[in-house]
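Notes to accompany the following structure.
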Amino acid sequence: MGLRLPLRRSTSFTPDHPALMELPGPTALKMEANVLVMGADNVGKSALTVRFLTRRFIGEYGDMEFIYSHNLTVDGREILLHIWDVPSSQEQAEDSSSEEKRIQWADSFVLVYSICDRASFNILPLKIQVIKAAKGGQSQEKVPIVIVGNKRDLHHQRVVSSEEGRLLALSLDCGFYEVSAADAYHGALMVFHGLAKLIPDTKLALKKGTGFRGIVKTMSAVFARKRTDSL
Ligand SMILES: Nc1nc2c(ncn2[C@@H]2O[C@H](COP(=O)(O)OP(=O)(O)OP(=O)(O)O)[C@@H](O)[C@H]2O)c(=O)[nH]1
């Protein structure tokens with residue numbers, strides 16, 4: 001099977017939440033960060049991402065893989081987020097080294113589960129352990145991770161309580177949000193805004209090579225070995 005690089009899309013963003021109305025002053029810092037959206041299949045990773053980027057919920061998202069670039073202003077810092085949403089079908093077709101390389105690419109992580117799907121919640125501790133092992137190493141610096149319980153609108157099908165989600169996040173030192181990508185935009189906004197707040201300036205440093213060319217280069221590195229294997 002041929003391998004393809006994720007397409008890159010840019011979106012513009014005008015905050016409308018009062019907390020986000022802080023316009024950057026002339027000395028505002030411009031920074032970049034890579035965000036990896038992870039979780040089990042069908043939990044709403046694409047719905048959450050697309051809701052944040054476009055404010056819309058379109059229902060079905062297919063299997064397209066994108067890196068989206070999107071500006072967000074947080075605490076006077078203008079941050080260009082590069083958000084990589086990996087369809088689970090893609091993940092399942094890969095070996096674990098691809099996931100490891102994506103984790104290395106990312107500075108911060110959104111881990112999504114569905115409140116109606118216990119298994120999607122149960123896999124999170126292991127995923128977070130893998131992320132922390134790969135990113136944390138010997139460093140004491142906290143890895144920016146938010147856990148998101150999605151599909152909050154389906155309360156009659158709920159099998160994971162809010163308390164369980166909150167406790168897991170607390171025990172793993174992560175942010176926590178419960179949202180419905182289907183119902184509202186602000187939950188999705190709060191997820192990415194909250195994540196951006198967790199990213200320290202040291203990780204947001206103006207990194208050469210995180211622009212498009214850098215991403216393509218990184219993606220090429222991620223898939224180079226597989227492409228070679230498939231030749
Ligand atoms: N009721 C409800 N349905 C949702 C919500 N978010 C997503 N969905 C639905 O759940 C299904 C899966 O959503 P996706 O965004 O494609 O999920 P995904 O995690 O990206 O899925 P994969 O492609 O398997 O990785 C779709 O039918 C969505 O319409 C939500 O908040 N509420």
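Counting starts at 1 for both ligands and their atoms, in listed order.
- Placement of Leu154 and Val148 in two distinct hydrophobic clusters is found when ILVMFWY residues are connected by side-chain heavy-atom separations under 4.5 Å, directly or transitively.
- No single ILVMFWY cluster, assembled from side-chain heavy atoms under 4.5 Å apart, contains both Phe121 and Leu126.
- Scanning Arg152, Met38, Lys151 for the heavy atom closest to atom 9 (C) of ligand 1 points to Lys151.
- Given atom 17 (O) of ligand 1, the protein heavy atom at minimum distance is Gly44 N, 3.0 Å.
- With a 4.0 Å cut-off on non-hydrogen atoms, Asp41 touches ligand 1 through its backbone as well as its side chain.
- The shortest N or O to N or O distance between Phe57 and ligand 1 is not below 3.5 Å.
- On a distance-only criterion, Asp85 and ligand 1 share no N/O pair closer than 3.5 Å.
- Atom 26 (C) of ligand 1 has Gly59 O, 3.3 Å as its closest protein atom, hydrogens excluded (heavy atom only).
- Between Ala181 and ligand 1, a contact under 3.5 Å exists for at least one N or O pair.
- With hydrogens left out, the protein atom closest to atom 15 (O) of ligand 1 is Ala47 N, 2.8 Å, a heavy atom.
- The protein heavy-atom contact nearest to atom 2 (C) of ligand 1 is Asp153 OD2, 3.6 Å.
- With ligand atoms numbered from 1 in the order given, ligand 1 contributes 31 (O) to contacts under 4.0 Å with heavy atoms of Ser180.
- Between Phe192 and Phe52, the angle of the ring planes stays under 30°, which puts this pair in the parallel group of the 30/60° scheme.
- In terms of protein heavy-atom proximity, atom 16 (O) of ligand 1 is nearest to Tyr61 CD1, 3.8 Å.
- Nearest to atom 19 (O) of ligand 1 among the protein's heavy atoms is Lys45 NZ, 2.8 Å.
- When only interatomic distances are considered, the shortest N/O to N/O separation between Val86 and ligand 1 does not fall below 3.5 Å.
- With hydrogens left out, the protein atom closest to atom 12 (C) of ligand 1 is Asn42 OD1, 3.1 Å, a heavy atom.
- Atom 24 (O) of ligand 1 has as its closest protein heavy atom Ser88 OG, 2.7 Å.
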